[in-house]
Number of protein chains: 2
Amino acid sequence: MTIHFSEGLIASPMFSGLAPKSVERLMRVARPVRFRRGENIFLHQSRADCCYVILSGWVKLYRVTPNGNEALVRMHSQFETVGFCDGLRDQVHSYGAEAASICRLLSLPTAEIRALAAEDQEFASRLLAHTLSALEQMFDQVESLKTQTAIQRVAAFLLRHARRVEGRTVVELPFEKSLVAAHLGIKPESLSRVLARLKAHGLALNQSEIEVVNRDLLEGVIRSDPADAWA
Amino acid sequence: MTIHFSEGLIASPMFSGLAPKSVERLMRVARPVRFRRGENIFLHQSRADCCYVILSGWVKLYRVTPNGNEALVRMHSQFETVGFCDGLRDQVHSYGAEAASICRLLSLPTAEIRALAAEDQEFASRLLAHTLSALEQMFDQVESLKTQTAIQRVAAFLLRHARRVEGRTVVELPFEKSLVAAHLGIKPESLSRVLARLKAHGLALNQSEIEVVNRDLLEGVIRSDPADAWA
DNA sequence: CGTTAGGTTGAAAAGCATCAACCCGTGTGG
DNA sequence: CCACACGGGTTGATGCTTTTCAACCTAACG
């Protein structure tokens, strides 16, 4: 049982390469947790006592604005880590986390993580590298929000998630459409319309299956200026 | 001379509290550099050989998209650091940097920074904390881009930069309006119009001077839903 | 005193949200 | 087994928001 979870731990980029002794030490305080879809993992502004490694499923990080709007900040999946951002600083969470699907997590006390980082130089530097790459991903997101239109963001998202299956290039949406929309900073209705518009640009929609028929055309949508009419 | 620059170094949150010995070590390899407004500091995708501490002036971090659009990712000012994000990982810069005003920087070889971080545990942990807070700021930015309209982002920006001067609450824009616009993810024309619209919501514009006449009204703009008509 | 960069203004169009209706597959209780 | 409700998704009509393009203004400067 414990072996099973520790495999999840070391499969996570953040903890892979950790000395067996350290792994064992973490596993002594690690607790497996399950959440149903929609269940709250932790709240914005709550104390960051625990960090999590995702063993399976999807977790959404979000913020709620004063007027009740919700902003989806990031989505995380298997072997990614959640809640470290504030846990490492012994602060309150700067976002809320919610299960976007059934998911299993490994909860780790932040105190133990900090202690380990203080002792294990190698681990500390991995934490830093990990944080830096998270930062870079946020740069990507800001760039796309500031320079791309909704249709371009959708096209880019589809291309990122397109996989070749039996000779066809198919996009399996990693989570429900309403979450995809929130992730891209648009409303579900707009996503629906945008997908319909992309049928003229290399996309095929056959009852809930999305297929990239012409990759070049789709990439063209991303490249082209909004000014030029791809209408 | 060297003393002068080292004062700038230790005034930076990232390096304050560094052992005098380490400061001296860094100052041996540090080089002061000057840039005129608009000059390039480093290019996106160039090797991150140097990191910078800002001694004076403003630096903008930006990205250029394939189709030639530019996204302003962040603005940095005195005693903030620039270029560490990639320098610490020995990678290429994930954004370009340009002087937004005349500015003086202190350039530090990334190799030396990495060596110092490897030796000085305290410094390494400060680097991590610094990166985590940068990450949190990016969360803020994404949140505001995804949930607030242009007028709300402008109002929030004005309130953040409002200072009491001689009994009045005045906003001195930290940099030119076109940069403010880019920073908020809108076009200069839109910023101009939004400022005009905010005259009905607690803002006064007297020939290039911006005054917050009614703070509550402005905060109301941020709180209110787009649905409700504050027209 | 003309030039220029930064900013403003206007009219028109594009982009996206909103609200409401509708569709459809799934599950549930009578 | 069927009617029904429900969640997720789509579609249409409409309106607000923001961009675009162009003209114009104005303070700074050679």
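In this text the structure is predicted, and so the values were computed from the model without any measurement. The chains referred to below are lettered A, B, ... by the order of the sequence lines, with proteins before strands, and numbering in each begins at 1.
- C:dG15 atom P lies 14 Å from atom CD of A:Q148, rounded to whole Å.
- Following rounding to the nearest Å, A:L145 (CG) and C:dG15 (P) show an atom-to-atom distance of 17 Å.
- Atom-to-atom, CD of B:E209 to P of D:dT26 comes out at 19 Å; the value is rounded to the nearest Å.
- In this structure, B:R153 reaches neither bases nor backbone, as no heavy-atom distance under 4.0 Å exists between it and the strands shown.
- For A:E70 and C:dA17, the CD to C1' distance is 17 Å, given to the nearest whole Å.
- For the helix from C:dC1-D:dG30 to C:dG30-D:dC1, the axis fitted to the five pairs at one end and the axis fitted to the five pairs at the other end meet at an angle of 20° (nearest 10 degrees).
- Counting to the nearest Å, the P atom of C:dC16 and the CG atom of A:L184 are 11 Å from each other.
- Residue pairs satisfying the side-chain hydrogen bond (donor to acceptor under 3.5 Å, both in side chains) criterion with at least one member in residues 156-170 of chain B, sequence neighbours excluded, are listed as follows: B:R164-B:T169, B:R168-B:E209, B:R168-B:E211.
- Atom CD1 of B:I151 is separated from atom P of D:dT17 by 8 Å (rounded to the nearest Å).
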>> One character per nucleotide, please: for nucleotides 9-14 of chain D, 5' to 3', B when the base has a protein heavy atom closer than 4.0 Å, S when only the sugar-phosphate does, - otherwise.
In response: SSBBB-

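- Not a single ring pair (Phe, Tyr, Trp, His ring centres under 6.0 Å) links A:F35 to another residue, sequence neighbours left out.
- Between A:E189 and A:R193, no side-chain nitrogen of the basic residue sits less than 4.0 Å from a carboxylate oxygen of the acidic one, so the salt-bridge criterion is not met.
- For A:F79, the side chain to side chain contact (heavy atoms under 4.5 Å, CB included) partners at least two apart in sequence or on another chain are A:A11, A:S12, A:P13.
- With sequence neighbours excluded, the residues that form a ring pair (Phe, Tyr, Trp, His ring centres under 6.0 Å) with A:F139 are B:Y95.
- B:H76 is linked by a ring pair (Phe, Tyr, Trp, His ring centres under 6.0 Å) to nothing, counting only residues two or more places apart in sequence or in another chain.
- Below 30°, between 30° and 60°, or above 60°: for B:H183 and B:F175 the angle between ring planes is above 60°, a perpendicular geometry.
- Among residues two or more places apart in sequence or in another chain, the side chain to side chain contact (heavy atoms under 4.5 Å, CB included) test is passed with A:R31 by A:S107.
- When rounded to the nearest whole Å, the span between NZ of B:K187 and P of C:dA13 equals 20 Å.
- Residue pairs meeting the side-chain hydrogen bond (donor to acceptor under 3.5 Å, both in side chains) criterion with at least one member in residues 130-140 of chain B, sequence neighbours excluded: A:R63-B:D140, A:R89-B:E136, B:R74-B:Q137.
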